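Below is one structure, written out as C-alpha cells, with a few remarks after it.
Since the structure is predicted, the reported quantities are computational estimates derived from the model, not experimental observations. Residue numbers run from 1 in the order of the sequence given.
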Amino acid sequence: MKQPNEMNTLSQVMEKLRQRGITNEITLSENNEMRSEEHNKTYNPEDLTIIKTYRFEGMSDPADNVVLYLIEDSDAKLGFILDAYGAYSNNKGTYFDDFLKQIVVQDRDEQELFNS
C-alpha cells in the first residue's frame, strides 16, 4: 500500500485538502455561530465530527502555533476549522473552546483520508 507523503506544515496539509476539493472553512461568526459560508450553513456541535487533528508549532515564533481540525458534517461534507492557540487565538472568550469540546472525535487514519 502506498504511504502518504509526509505533511509537516500547515501549508502542506492545506494544499493536500485543496487538491481533494476540501475548501469548506467553518468559522465562528460575530454572533457566536459556527458557520460555513461555502455551504451557507450554521452548525451545532452534534452536527460535526472531528476526523483528524493537526497541530503545528512554530519553531521560533509562538504566533505560528495553530491547530487544524478536519471536520465531517452530518451530510458527510468535509471541511476544516483553523485555530491559532494560546494567546494568539482569533476566538476570544470560551464559546469556541466549549463548542469544540462538544464535537465527537473519530481520529481517522491519514491514508483513509488522503489515499483513494
Side-chain angles (χ1 to χ4, degrees):
M1 180 181 288
K2 182 181 173 194
Q3 295 293 321
N5 292 334
E6 190 170 339
M7 296 182 290
N8 294 319
T9 67
L10 176 61
S11 60
Q12 288 172 320
V13 174
M14 294 297 295
E15 176 59 17
K16 190 70 161 179
L17 293 176
R18 187 196 63 76
Q19 290 173 359
R20 303 283 296 166
I22 303 169
T23 58
N24 177 35
E25 183 173 7
I26 300 168
T27 59
L28 182 63
S29 75
E30 292 177 9
N31 301 326
N32 277 345
E33 296 178 322
M34 291 299 282
R35 292 216 19 99
S36 162
E37 295 302 322
E38 186 171 309
H39 297 299
N40 192 29
K41 192 169 183 179
T42 300
Y43 297 101
N44 294 312
E46 60 271 13
D47 300 327
L48 302 172
T49 302
I50 296 172
I51 58 175
K52 193 73 182 167
T53 302
Y54 295 91
R55 183 174 307 274
F56 303 96
E57 297 182 4
M59 293 298 239
S60 60
D61 185 355
D64 291 339
N65 294 345
V66 67
V67 179
L68 181 143
Y69 301 94
L70 188 55
I71 301 289
E72 183 175 67
D73 72 11
S74 55
D75 296 326
K77 293 179 182 167
L78 298 179
F80 59 90
I81 296 173
L82 280 172
D83 183 38
Y85 55 93
Y88 299 95
S89 177
N90 300 348
N91 302 298
K92 303 301 180 208
T94 62
Y95 182 83
F96 181 80
D97 290 336
D98 293 342
F99 187 95
L100 283 179
K101 289 175 186 174
Q102 295 176 59
I103 300 175
V104 171
V105 177
Q106 273 188 355
D107 194 32
R108 295 188 190 159
D109 185 77
E110 214 166 59
Q111 287 182 325
E112 174 187 348
L113 297 170
F114 293 112
N115 288 340
S116 56

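- In this structure, the separation between CG on Leu10 and CG on Asn65 is 11.5 Å, given to the nearest 0.5 Å.
- Here Ile71 contributes atom CD1 and Leu48 contributes atom CG; the two are 5.5 Å apart, rounded to the nearest 0.5 Å.
- Between Asp75 and Lys41 there is a salt bridge, since at least one side-chain N of the basic residue sits less than 4.0 Å from a carboxylate O of the acidic one.
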Note to self: For a side-chain contact (heavy atoms from CB on, under 4.5 Å) check, start with the C-alpha distance between Arg35 and Leu28, then their side-chain angles and the critical distance, and finish with the verdict.
What the structure shows: CA-CA 6 Å; Arg35 292 216 19 99; Leu28 182 63; over 6 Å; no

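- Judged purely by atom type and a 3.5 angstrom limit, Thr94 has no side-chain atom pairing as donor or acceptor with the backbone of Asp98.
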Next item on the list: Show your working on side-chain contact (heavy atoms from CB on, under 4.5 Å) between Val67 and Thr53 and close with a plain yes or no.
Entry: CA-CA 7 Å; Val67 179; Thr53 302; 3.7 Å; yes

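- Judged purely by atom type and a 3.5 angstrom limit, Asp47 uses its side chain to pair as donor or acceptor with the backbone of Asn44.
- With rounding to the nearest 0.5 angstrom, the OG atom of Ser29 is 8.5 Å from the CD atom of Glu37.
- Ile81 and Val104 fall into different hydrophobic clusters, where Ile, Leu, Val, Met, Phe, Trp and Tyr side chains are chained together by heavy-atom contacts under 4.5 Å.
- Ring geometry for Phe56 against Tyr54 counts as parallel: the plane angle stays under 30°, on a 0 to 90° scale with 60° as the upper cut.
- Under a 3.5 Å cut-off, the side chain of Thr49 and the backbone N or O of Ile51 do not form any donor-acceptor pair.
- With respect to Glu72, the salt bridge (charged side-chain N to carboxylate O under 4.0 Å, His left out) criterion is satisfied by exactly one of Arg108, Lys52, Lys77: Arg108.
- Of the options Leu78, Thr23, Leu70, a side chain to side chain contact (heavy atoms under 4.5 Å, CB included) to Leu17 is made by Leu70 and by none of the others.
- Atom-to-atom distance recorded for Ile26:CD1 and Tyr69:OH is 13.0 Å, nearest 0.5 angstrom.
- Rounding to the nearest 0.5 Å places CE of Met34 at 6.0 Å from CG of Leu100.
- Here the CZ atom belonging to Arg55 is positioned 9.5 Å from the CG atom belonging to Asp83, to the nearest 0.5 angstrom.
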